[in-house]
Each structure stands twice: as structure tokens, then as C-alpha cells.
Q: 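Just dropping this structure here.
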Amino acid sequence: MVTGVSRDAGARCARRLADDPSIGTVLGIDVVPPRAELGRVRFVRADIRNPVIAKVIAAEGVDTVVHTGVVATPGSAGGRSSMKEINVIGTMQLLAACQKAPGVAKLVVKSSTTVYGAGPRDPAMFTEEMAPRAIAQTGLSKDAVEVEGYVRGFARRRPDVCVTTLRMANWIGPKTDSPMTRYFGLPVVPTVFGYDARLQFLHEDDGIEAIHHATVNEIPGTFNLAGDGVLALSQAIRRLGRPVVRLPSFTASSTAAAVRRARLADFSPDQITFLTYGRVVDTTRMRSDFGFEPQFTTAEAFEEFRQSLGPGAATQVTSLLTSGLGAFRG
Amino acid sequence: MADAEVIPIGSGGRPGRGSGRRTTPSAAARALAGPGNGKPKKPKVKTADSKASGTSGTDETVTQLPSDAVSGARVTEDGSTRSSSTRTESRGPDLGALAGLAGLDFAALEKAARDLFGADGERRIAEWFAFLRRRLTGEYEVDEFGFDSDLTDQILLPLLRPLAEKWFRVEVRGVENIPETGSALIVANHSGTMPLDGLITQLIVADHTNRPLRTLAADLVFRTPFVGEWSRKGGATLANNDDAERLLRQGNLVGVWPEGFKGLGKPFSERYKLQRFGRGGFVSAAMRTGVPIVPCSIVGAEEIYPLVGNLSSLARLMGVPYVPVTPFFPLLGPLGLIPLPSKWLIEFGEPIRTDEFPDGAADDPMLVFNVTDQVRETIQQTLYTLLVQRRSVFF
């Protein structure tokens, strides 16, 4: 059973799992019908915030639950309070239902590296054991921390269930639509004056493969997943060839609000601190224990994304300039 | 495009004017073939050159921009003397360079560059433009700590070099104590109100060993705009055990100033008296990774900004450990920010090995404190010796 299939990531995960012949039936669960083609996935319209989910699990004899239903964008969920409702209450209900269902043997949770927060006191790289030093009081970051808390509680109460938590770096790729891809898609990219965040990305295909890998294998634990290497924010924007406007930090939230009102991208405060200080996670255990090798490094994933985005204004200006000078030279 | 590709200047274009026809070099170029002196405006043209030769999309768009090119060519066709003479009125002696610019005379420019910068000047300029292009396109590597070796080698260290060599006239001793391969933890005394000693040590180590020194800095550094950004790019990371051990395991030279703000912001009257060495975290990090500790004594940094007072209430308001008062600082305004040109001596002492301690030594606080004291005593004694050897503060 896969939750959150109305959104692209969930739908693609479900499709990927359905394509695997070793997996019998794949159930897709969401409140709204998915826009994307689901293929062999059987869609069940149910709300994970509602106890009815327990009946679905019992009736269908679900043995593996893949929870991808954590929403990152308040806009798509219909506001921040609704987003929190889906993320936190939805997870609670889902886990409560799983706890009651004796048939459930495996739980895979798609979490995110935002559980580490972002701040000036952060170590250069987070390992799975490290506690966050600075955590935002709102937004996805807090939701993810609470979701993981409930997942840990569930793992304690049902030690027979194999619980895998995947802390994924920001997904990026041609098909991903997230605050981060929207942000890099802005015609002029605003950044915080005087700071340069270190970023890690995970290619969307790798993300889906990792969820599949966790579903078909028995690997309990919490794992950081990210592509190799690091990009500095300024470097990433230069690679995109987009003009950048560096704004002082006190204007960041009003800029984010303006961007939100213009419906260009959807920013929460924890994403602003992320774009200020950045965050890098240690992926040693992804290889050693989880046994997963991403196909794309951070830079390669970003390159794929860049190609889907088209050239930025700065690239166009330079190419115009070089061709002009080329003509000038003869 | 390849990273450190060196593009020879002018090799992509024919000598002569930019009209697109095969012509003989212009009169100006021939004039320049003599004693060429043309320094201004050259870089601009070179950028164009290096960029143009590196861009693949030149061909399609060439036809779109004829007006500029044609007008430029027309002027020079009539005779470059006229076109340049109109401009020479404003700037007399640079006739050659201006003519070169008008007609884009690459052969002349090449020669001028060679005259100006010597035999390998051309290579140096080409390298510099390759660097500039890497920066503009983002084609450089940043490691997971945010260390940007490209930027550090090309910009940060060259900016510091004159400060170290000309202003502080740093004298270095015991460089052989820094291991040539493998990691080491360089532990030094901290002083001077502003952490210039850290930057200078970083430069000295980079210049003498050809290896970057990765420094450990307080979280205040990373909270401060610009300072944090540039420190990360320069190889600094947060001073905590996780980062220190990670750097040491990767085989880096790591520099640490365990006194921290206590050493940095101590009054001038207490100069060269070492403060408490933190909580000995650096020793346990070295023990866990088994790397040697190289004590480093820095003389001279105490005198760059003699701290005679501290505006403590203002400091509390700003959330910084201290707001310094030096004989010149708030008094002369920004002029007071110029460090005094004291004479610096830096000595690297004999490495203290930590790989012979038994397992679990890092968790034995008594042993850690003993080693910390040993390092501290070594540095203190070396400081006294160096102070005796220094003839005066400024010479």
C-alpha cells in the first residue's frame, strides 16, 4: 500500500512498485484521485486522517505500507494548517491503523533531511545519530521531526515490523515540482546576502529506486539519502545561468511572501534558513548498511534539472555577447 | 568544458582586423610590432577571445549581429589612423592599444601581453581568464565542508600574501615538523583581537607544504554574514569534534586555536599568557584518529591590535564576545582597523604523537587533560624563547 499517490512522487513510487513482478498488488491511497497514470496500481480513495484507513488495511490484507504522504508545500495542501493535519495527524492515524493490523510486516517512511534543521551551529555533515541543533518552529521541518517521532514510537510498540525511514535530500529532476525546483526556476533568483548555503540533491529516479529498494529488502533503520558531492547555492545558480539578487536576511521573509503571492514558489521559514545555512548529510550508511548506490551525483542531478529548465537570462546574455564578439572578430 | 583548460590567447583568431576577410595586419599592428606598450583595455578583449573560442554556439548567431561588427570593420577599412586619431585626442599615448581595440588586433595584443608580463605572461593571463570563466559558469568543485580550493588558491591566499610577507614579515621555523603526508592537528595560540593569526597560519602552511590548512572556527563566524561564507570557502568549518575528526580521517591538515575568544580578546597587558585550552576537545579528536599534534607558536599577532578596553554592554547588545577598544580603533574610525606592522615569528614544534595511547584513551579525561597541558606548556615555552629572540616588536 502506498500513501499519497495523488502527487507525482507518490504516483511514480507506486508505479515503480507495481512494475516489479515480485510484488503482488499495489494499492494507491489518497484523498484526491491522482492526475498521473497509475498503471497496474489499484487506487483506493481514502483519507489517512480518518480511521477508515484501518478498514482498508484489514480488508485488503496489506503487508507493506509505504508512506510517501508527507506534504512539503502548504499551497498544494490548502494552507499550512491543512498541511500539518495531513502530515502529522495523517501519520498518526496511519500508524495507529498499522499497529492494529497484525498483517503489516513492513513500513517504509519517506522522510527528509529537513529533520536536521539548518543553522550556523550545524556540523559540516549530519550522520543519522546526530540531533538537530536548530529546528524551525514551523513548516515541513517540524512536521518531519514529529512524523519521525511517531514512527519511532510505532517501531518500539511493534518490534516485529521492519521500519525503514529514508531521510532524503531535496529531490530534483525534470519531473519534480517542489519549492526547490520552483525556486531555481525563478527568472531572477533571490538569495540571502552574505551567506552561501551548501546543498545536496537526490535525483528523482534515485529517490524512487531507493523506496523500491527499501520495500523489497529487509533493512530496518534510518538512512540519509543524497547524491554525492555538494553544490554551493551561488555555484548552482551560476550553473543555471540565472541572474541572482542578493537580499539582506531581514527582507527574506517578506521576499518569500511576495514570491508566494505571485504564485511563483512556495516558501516556508525553514526553507529560508536552509537556503541561508545549507545542510549536508553523511551518506556512508546509505552504502554500507542500506546497500544503495545513487545513479546521479548532486551535480549530475542538478545538471539534468538545468537542462529541463532551459537557459537562464545570464546565459543568454553571455552567449549573445560571445557571438557578437565572435562576429566582431570575424 | 574541461576545468583547468588553458586557452592560449589569440590562437583562435587570425591576426589582422576583425572584418572577416583575410587581410594583412593593420598599420597600427605593424607600428606596434616595434616597442609595444599597451597595458590598458587588454583584459577586456582577451575575455572576448577566450570566451569566443570556448563557445560552441558562436556560428548560428554570428549573422544576427552584423551591425556592430560591420561598423567596426568599416572604420578600420578606411584606415585605422583616422579612427584611432579621433580617439587619441582624448588619450594620447595609448594609440597602439586603442587601435588594437578598434580593429581587435590579436597579434599585437599577444605581443603587448608578452612584453608586459614576460615570457610566461601569456600563460598566466590565460590561466586567469580560465579561472574567471570557471567562476562565472560555476564549473568548480566545492567539498562537503564548503571548501572552495579554486577560490582559495586564486583569490584568498594571494590577497593575504602581501600582508604576511610585506606587512608582518613573517619568519617561519620548523616547517619540517608538519608531516608531508597524512593528517596532523596544528594547535596554536590565539591572539590579536581579530583572528588574523589564523589566516596567516593558513597561508604559511599552504605556501610551505602545498597543502591546505583546514581551520576550525567558532559558530559566531558562521553566524556572521560574509565572514561565514568566506570562511567556509576558505576551508574553515565549525569547531566541534565531529567535524574535526572527519577532517582528520580524510587526511587533512587541521588548524585549531583552542583558546578561542578568551585568547583573542584578552587585554594587551596579558599578552603571550596562554589562556585555558578549551575543554581539550582537540586532544580527544587527535587521539581518536591517532594523528600527531603539532604545536605552533605565533609571536607578533598580539601587537597588531593592542586591546586596551572592551565595550562590554555594547558587546552584549550585539551578541559578540567583546567590542574592542584599541589605541586607534574607535578613535580613528576605519583607519584604526589597519593592523600595526609588528614583526611575526611562527614556529612549528616537534609533533606530539597520539597513536601510541591505548584504545579508549580519548575517553579518559585525566589523560586528555595531561596531553592538553603538555601542548599548552610547549607552546608557552616556545613563545618565551621566541620573544627573547625577537629584537623588537616592529623589527
Side-chain angles (χ1 to χ4, degrees), chain A residues 119-127 129-130 133-134 191-200 226 228-241 246 248-249 276-278 280-284 298-299 302 306 311 314-316 318-330, chain B residues 12-14 16-21 45 47-49 51-55 57-66 68-70 72-73 104 106 135-146 148 219-230 232-233 237-238 240-243 246-247:
Chain A
R121 292 175 57 80
D122 285 348
M125 289 177 102
F126 279 104
T127 60
E129 297 82 28
M130 285 181 190
R133 310 278 172 108
T191 62
V192 182
F193 201 41
Y195 295 93
D196 201 1
R198 293 163 299 139
L199 310 175
Q200 264 179 329
D228 291 339
V230 167
L231 280 178
L233 178 58
S234 61
Q235 185 187 13
I237 297 169
R238 280 177 200 162
R239 287 192 181 188
L240 284 181
R246 304 192 84 186
S249 51
T276 309
Y277 299 108
V280 179
V281 295
D282 187 335
T283 55
T284 317
T298 291
F302 195 75
R306 186 186 70 80
T315 321
Q316 284 168 357
T318 27
S319 69
L320 218 65
L321 214 70
T322 39
S323 57
L325 284 159
F328 200 51
R329 271 182 61 198
Chain B
R14 288 188 300 279
R17 306 176 197 167
S19 57
R21 295 179 295 114
V45 185
T47 336
D49 180 30
K51 266 186 196 155
S53 58
T55 326
T58 312
D59 293 355
E60 313 95 81
T61 22
V62 163
T63 43
Q64 290 176 9
L65 289 129
D68 243 14
V70 167
L104 282 176
F106 284 91
R135 299 311 301 183
L136 286 175
T137 54
E139 297 293 325
Y140 49 90
E141 295 298 322
V142 176
D143 83 351
E144 61 260 29
F145 297 92
D148 188 340
D219 60 328
L220 176 69
V221 168
F222 300 105
R223 210 164 56 214
T224 319
F226 293 108
V227 180
E229 181 185 347
W230 286 87
R232 276 234 176 267
K233 288 181 177 169
T237 190
L238 187 73
N240 62 5
N241 272 23
D242 298 314
D243 286 12
R246 188 179 294 277
L247 280 168

Q: Below 4.5 Å, heavy atoms only, C-beta onward: do A:Ser234 and B:Arg135 meet side chain to side chain?
A: no
Q: Applying salt bridge (Lys or Arg N to Asp or Glu O under 4.0 Å), run through B:Arg223 and A:Asp122 and close with a yes or a no.
A: CA-CA 11 Å; B:Arg223 210 164 56 214; A:Asp122 285 348; over 6 Å; no
Q: Shorter than 4.5 Å, heavy atoms on both sides: which option in B:Asp148, B:Leu220, B:Thr224 has the most such pairs with chain A?
A: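 Ranked by contacts with chain A, first place is B:Thr224.
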Q: Taking side chain as C-beta onward, heavy atoms only, is B:Asp143 less than 4.5 Å from A:Arg198?
A: no
Q: Taking all heavy atoms of A:Pro123 and all of B:Asp243, pick out the closest pair and write down the distance.
A: CB-OD1, 3.4 Å
Q: Taking A:Gln235 for the side chain and B:Tyr140 for the main chain, is one N or O donor matched with an acceptor at less than 3.5 Å?
A: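 Yes: the side chain of A:Gln235 pairs with the backbone of B:Tyr140.
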Q: Which one, A:Gln200, A:Met125, A:Met130, leads in non-hydrogen pairs under 4.5 Å with chain B?
A: A:Met125
Q: Go through the atoms of A:Tyr277 and report whether side chain, backbone, both or neither lie under 4.5 Å from a heavy atom of chain B.
A: side chain
Q: Quick check for you: to the nearest 0.5 Å, what is the distance between A:Asp282 atom CG and B:Arg246 atom CZ?
A: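 Interatomic distance, A:Asp282 CG to B:Arg246 CZ, rounded to 0.5 Å: 4.0 Å.
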Q: Using a cut-off of under 4.5 Å on heavy-atom pairs, state which of A:Ala299, A:Ser249, A:Gly278, A:Pro120 scores highest against chain B.
A: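 The answer is A:Pro120.
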Q: Pick one of side chain, backbone, both or neither for A:Asp228, based on which atoms fall under 4.5 Å of a heavy atom in chain B.
A: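 Answer is neither: A:Asp228 stays 4.5 Å or more from chain B.
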Q: Check this for me: does any side-chain nitrogen of one of A:Asp196 and B:Arg232 sit under 4.0 Å from a carboxylate oxygen of the other?
A: no
Q: Give, as side chain, backbone, both or neither, the part of A:Arg121 having an atom under 4.5 angstrom from any heavy atom of chain B.
A: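 Both parts, backbone and side chain.
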Q: Answer with yes or no after comparing the ring centroid distance for B:Phe226 and A:Phe193 against a 6.0 Å cut-off, counting only values under it.
A: yes
Q: Salt bridge check, B:Glu229 against A:Arg246: does any charged N sit closer than 4.0 Å to a carboxylate O?
A: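 A salt bridge links A:Arg246 with B:Glu229.
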Q: Please report the closest heavy-atom contact between A:Ala232 and B:Val142, naming both atoms and the distance.
A: CB-CG2, 4.4 Å
Q: Can you measure from CZ (A:Arg133) to CG (B:Asp219) and round to the nearest 0.5 angstrom?
A: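 These two atoms lie 9.5 Å from each other.
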